[in-house]
Amino acid sequence: MPELPEVEVVRRGLERWVTGRRVGAVEVLHPRAVRRHLAGGPDFAARLHGIRLGTAMRRGKYLWVPLDDMTFSLLGHLGMSGQLLVQPQDAPDEKHLRIRIVFDDALGTELRFVDQRTFGGLSLHENTPEGLPDTIAHIARDPLDPAFDDAVFHAALRLRRTTVKRALLDQTLISGVGNIYADESLWRSRLHYERPTATLTRPATTLLLGHVRDVMNEALAQGGTSFDSLYVNVNGESGYFDRSLDAYGQEGEPCHRCGTPIRRRPWMNRSSYYCPHCQRPPRAQPVP
DNA sequence: AGTTGAGCCTGTTCGC
DNA sequence: TGCGAACAGGCTCAAC
């Protein structure tokens, strides 16, 4: 599952391998992969044909490539299992190849969107005046964005009547934090996932954001080295997760701080992993 | 109007 | 052995 650091690696790969190239034929092999392009697959392919690609951008887990005059962008999301690959044109099709973008040049490579579960996809959108595809204008900046405002984030947490993990996954508050990094940063912060955000102090928020950034930067440092191969690297297996996880997927394993077995609890149709000793559940708070 | 939780999708793993 | 259930989860949106 590509997390923000992996998506950043893909962005760098796109920057390296497709910037400035002019699109030739576009082949949509699965309609679901362009479902966010409301005008449909044929329109997607026709509009893209002949367009020159700009420099790839990223916010959270969204990627986009501005087109020619910057009024439109090619937007992508990898979902759970998506990959963007730059492949030799004669390489055999991947089993789950969904979209093929051929270039009108002599470099001999093409861009492929491969996605087993088709949670991800590509689409074309008008840009906002800020240069952001309009459909993601509501997505908050991610914590690695220099313009992310910690004070504004904290103020929003205080106003919300929700829990801290839910807030970490709320794209309108902060983007790019998935289930894995949420559990990891909460473990590092010794915060229980059901802690009401309204009870977080400013130092607690600062600590939490620091750990979110640490986890992401550590993964980026480990996964960010392979992007200058021919492949735009995105297999979702950075190797980071197997070696470095403290909480996520560690049910029954001793907590790396105190030795108490890590617990797994069903949460929002998925799981939350936490240390029952280090991350104490919040006391019931009277609602004012 | 803010908050909640179901649902999308398919390959893999697990238990009966 | 075979089959169905559970699971993985980023994001949206209907419903409360």
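Chain letters run A, B, ... following the sequence lines, proteins first, then strands; residues in each count from 1. Only this structure's heavy atoms are used, side chains among them; waters, hydrogens and symmetry mates stay out. All values derive from a computational prediction rather than experimental measurement.
You won't find any donor-acceptor pair under 3.5 Å spanning the side chain of A:Arg117 and the base of C:dG10, going by distance alone.
The shortest distance between the side-chain N/O atoms of A:Asn269 and the OP1/OP2 oxygens of B:dG5 is not below 4.0 Å. OP1 or OP2 of C:dC11 has at least one side-chain nitrogen or oxygen of A:Gln171 nearer than 4.0 Å. For the pair A:Ser271 and C:dA8, the criterion of a side-chain N or O lying under 4.0 Å from OP1 or OP2 is met. Note on A:Tyr273: a side-chain N or O is less than 4.0 Å away from OP1 or OP2 of C:dA8. Neither OP1 nor OP2 of C:dG10 sits under 4.0 Å from any side-chain N or O of A:His77. A sub-4.0 Å separation between OP1 or OP2 of B:dC8 and a side-chain N or O of A:Thr118 is absent.
Rounded to whole angstrom, the span from the CH2 atom of A:Trp267 across to the C1' atom of B:dT3 amounts to 13 Å. Atom CZ of A:Arg265 is separated from atom P of C:dA8 by 14 Å (rounded to the nearest Å). Atom CZ of A:Arg35 is separated from atom C1' of C:dC13 by 14 Å (rounded to the nearest Å). Separating the CZ atom of A:Arg58 from the C1' atom of C:dG10 is a distance of 15 Å, rounded to the nearest angstrom. Following rounding to the nearest Å, A:Arg166 (CZ) and C:dC13 (C1') show an atom-to-atom distance of 11 Å. Atom CG in A:Leu173 sits about 13 Å away from atom P in C:dC11, given to the nearest Å. Taking atom CD on A:Gln116 and atom C1' on C:dC7, their separation rounds to 13 Å, with Å as the unit. When the C1' atom of C:dC11 is taken as reference, atom CD1 of A:Ile174 falls 16 Å away, rounded to whole Å.
Side-chain contact, A:Ser81 with A:Arg117: no donor N or O sits under 3.5 Å from an acceptor N or O. Side-chain contact annotation: A:Asn127 with A:Thr71, donor-acceptor N/O pair under 3.5 Å absent.
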Take A:Lys61 and A:Ser175 through the test side-chain hydrogen bond (donor to acceptor under 3.5 Å, both in side chains) and record every step on the way to the result. CA-CA 7 Å; A:Lys61 297 181 185 178; A:Ser175 65; over 6 Å; no
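A:Asn179 comes within 4.0 angstrom of the backbone, heavy atoms only, and of no base. Counting any heavy atom pair closer than 4.0 Å across all strands shown, A:His138 reaches sugar-phosphate atoms only and no base atom.
When each of A:Met268 and A:His30 is assigned the nucleotide of DNA chain B with its nearest heavy atom, A:Met268 is the one assigned upstream, toward the 5' end.
Contact check on A:Asp150 versus A:Arg213 returns a salt bridge, with a Lys/Arg side-chain nitrogen under 4.0 Å from an Asp/Glu carboxylate oxygen. Taking the charged nitrogens against the carboxylate oxygens, A:Asp115 and A:Arg98 have no contact shorter than 4.0 Å, which rules out a salt bridge.
Of the candidate nucleotides C:dG10, B:dT3, B:dG7, B:dT3 has the atom lying nearest to any side-chain atom of A:Arg160. Candidate nucleotides B:dG7, C:dT12, C:dC7 were compared by shortest atom distance to the side chain of A:Arg270, and B:dG7 ranks first. When distances are taken from the side chain of A:Leu169 to each of C:dG10, B:dA6, C:dC11, the shortest belongs to C:dG10.
Between A:Phe153 and A:Phe148, the ring planes lie tilted relative to each other; the angle falls in the 30° to 60° range.
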